[in-house]
S.K.: 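Sharing a structure here in structure tokens format.
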Number of protein chains: 2
Amino acid sequence: MVSIKDIASEAGVSVCTVSLVMNNKYHHRVSNGVAQHVRDVAQAMGYKPNSVARTLRTGRSHTLGFITDEIVTSPYAGRVLQGAQEAARRLGYVCLVANTNYDSQMESQEINALRRYNVDGFLYALMYHRTVDIPSSLANSPIVVADGEDAAGRKPSIFPDDELAGYDATNRLIKAGCRRIVYFGSETMIIAQRDRYAGYRRALKDGGIPFDESLVINVLESTNAADEAKRMFDEIRPDGIFCFNDVRATFIYEEARRRGIQIGTDVSVISIDNQPFIIEVLKPSLTTLELPHYAMGFEAVRQLVSIIDGEDAVSVLHDECVEQISAQDDTKTAMRCSIIERNSIVT
Amino acid sequence: MVSIKDIASEAGVSVCTVSLVMNNKYHHRVSNGVAQHVRDVAQAMGYKPNSVARTLRTGRSHTLGFITDEIVTSPYAGRVLQGAQEAARRLGYVCLVANTNYDSQMESQEINALRRYNVDGFLYALMYHRTVDIPSSLANSPIVVADGEDAAGRKPSIFPDDELAGYDATNRLIKAGCRRIVYFGSETMIIAQRDRYAGYRRALKDGGIPFDESLVINVLESTNAADEAKRMFDEIRPDGIFCFNDVRATFIYEEARRRGIQIGTDVSVISIDNQPFIIEVLKPSLTTLELPHYAMGFEAVRQLVSIIDGEDAVSVLHDECVEQISAQDDTKTAMRCSIIERNSIVT
DNA sequence: CTGAAAGCGCTTACAG
DNA sequence: CTGAAAGCGCTTACAG
């Protein structure tokens, strides 16, 4: 590895001059001629700055700790990491990943390990939208939560706008002419359920469709989803069905097929997730909303680096992904899900 | 941050004594009493060694560069990263991840970035089993390929034993009494297709079942899979079907349902992938083999660190994941897929 | 405009 | 058994 010292002696200047030039801080301190010469020599010798030495000296590592419960194993949320990584790359940062496996002992071990490497900040990424307690050891570090919300409401948190997703999905059905719209939701009381349901109700209201409690069916994938799909077709006979997620939509598809009901012709279906493999398998193809995983990772890093380096530092990202923000306050950023049009809605 | 110097002055010894003690190199060099005292002081002051300083001094960072084409976005292969990470954690390493997005310019940019951080070695992880050309800039670094094979055959490569998977799957059907076994394969000529097919033939041979070319149906998911499933039931009437992957199995399920053929009763089906979401949806539940993603990541790190630090250093991992190795030579390590028994095979 | 020097926190010969 | 000192590659006041 060629060092600043090698260049200095080769170029016949001091190491400090080289350092100044390489960091573009030579303005009015090193003459242009010398600067150019130093750059040429560095180029010729294939100089690559040593981040480790710089980190030791400056205390800044340009390194981000990406902590996650198990996001990496999730079939779809790995995109959070990808978005984070892309933003980090563009900003001259690099991500150190740590998986906690929902184990708080492992978590603190990993946080300690990351600290030894002098990470400048942390990303705390979750598997799905929920509130979390940020470990107290992280309380004083720059940190941004991705796909979740700080329970204490203090740390910036980026998450999907599930209310809007529910609204957009329901509204899409209304625009297609549906009037009897079932919400095929989740019995588990997670944020996504609460908010998507709220969005469903708001869309009905805006559309002038009276809310009918009997059209709300909350099921569990593993137990009563199939039975309730059956009951729904028997008793409710909806013209539109908004499913909490793609997996639930498969039960609707299954039951419709059994009865010879054509989705996309006799009844409209929309859901949320745009799950690979499921969407490949369903016929007709499923219109669904995609969670903004990539955008959340990207935006989380944008905000994190802006905390670390200031707002100016992230201007190179322009406003990428920013247009996906649907609501924002001091600490919370909600991001819009995008609709993927396919063929499960009557035209 | 408390440093070695703080401890030294607090404990009334020199920094070198502290260093020796903290690194457990004090045997016959520092008295036990002093050593214990130093440890106590360090403990009390909450000392955490600074990896960055150590790296600068020793040239060793205990950091691994995890380079991947897009593994992180894959619905299932993120487990490679998880396995790698767990092994790294246990060995005192940490992973820096870089996504190349199949872009060789971005790849070399990322490799350079990782080098500046002094990574001790690289993991080159792929999305699926194939051969790759290792970038020449990596030729002289410790590197291990995960879920792929170095085209040049020089660098250690860990990949699934697809031949054995084909053998095990087919054999499972034979053991269930099947004699007319269709291979419902892939038209794409990837390694997995070549090897699983070879395993299918070997199992037939071992089972004393004559090979019949008309039982081999290679399809594309996106185009002719459904038609060929139809033709298969019409013309071939198999008693067992070995599917290249779970997605292909869904076409078999679909066609069987249409005809009132009961999978698991009238015909046996087995496949490969154990894909979440697909397996949740299919009824009866699908017996399938799981690719050793986690084990490949784990084993890749084990081999990489043994290159960097020597065989002894990885003994703390004992033989975890090693029992999954099915074949091995100088540079290649094939790992066994494990069968997940469910209800799609006639008992 | 340029250089000599200190120092980030550690490790490791070397001397005693 | 213990310490003083050099040095890893960089940055940054300070002096000129």
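Residue numbers begin at 1 in each chain, while the letters A, B, ... track the order of the sequences.
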S.K.: So that I can tick it off, tell me whether B/Asp69 and B/Arg130 are bridged by a salt bridge, with the cut-off set at under 4.0 angstrom between side-chain N and carboxylate O.
M.R.: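 Salt bridge: yes.
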S.K.: Between A/Arg302 and A/Glu320, does any side-chain N to carboxylate O distance fall below 4.0 Å?
M.R.: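 No, A/Arg302 and A/Glu320 are not salt-bridged.
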S.K.: Could you please name the partner base of C/dA15, counting Watson-Crick and G-U wobble pairs only when both distances are under 3.5 Å?
M.R.: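 C/dA15 is paired with D/dT2.
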S.K.: Using a cut-off of 4.0 Å between protein heavy atoms and nucleotide atoms, how would you tag nucleotides 8-16 of chain D 5' to 3' with B, S and -?
M.R.: BBBBB-B--
S.K.: Does a salt bridge link A/Glu10 with A/Lys5, judged by any charged N lying under 4.0 Å from a carboxylate O?
M.R.: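 Answer for the salt bridge query: no.
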S.K.: For B/Asn32 and B/Gln36, does a side-chain donor sit closer than 3.5 Å to a side-chain acceptor?
M.R.: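 On atom types as modelled, these side chains do not qualify, holding no pair under 3.5 Å.
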S.K.: Please determine whether a side-chain nitrogen of the Lys or Arg among A/Asp150 and A/Lys332 lies less than 4.0 Å from a carboxylate oxygen of the Asp or Glu.
M.R.: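 A/Lys332 and A/Asp150: not salt-bridged.
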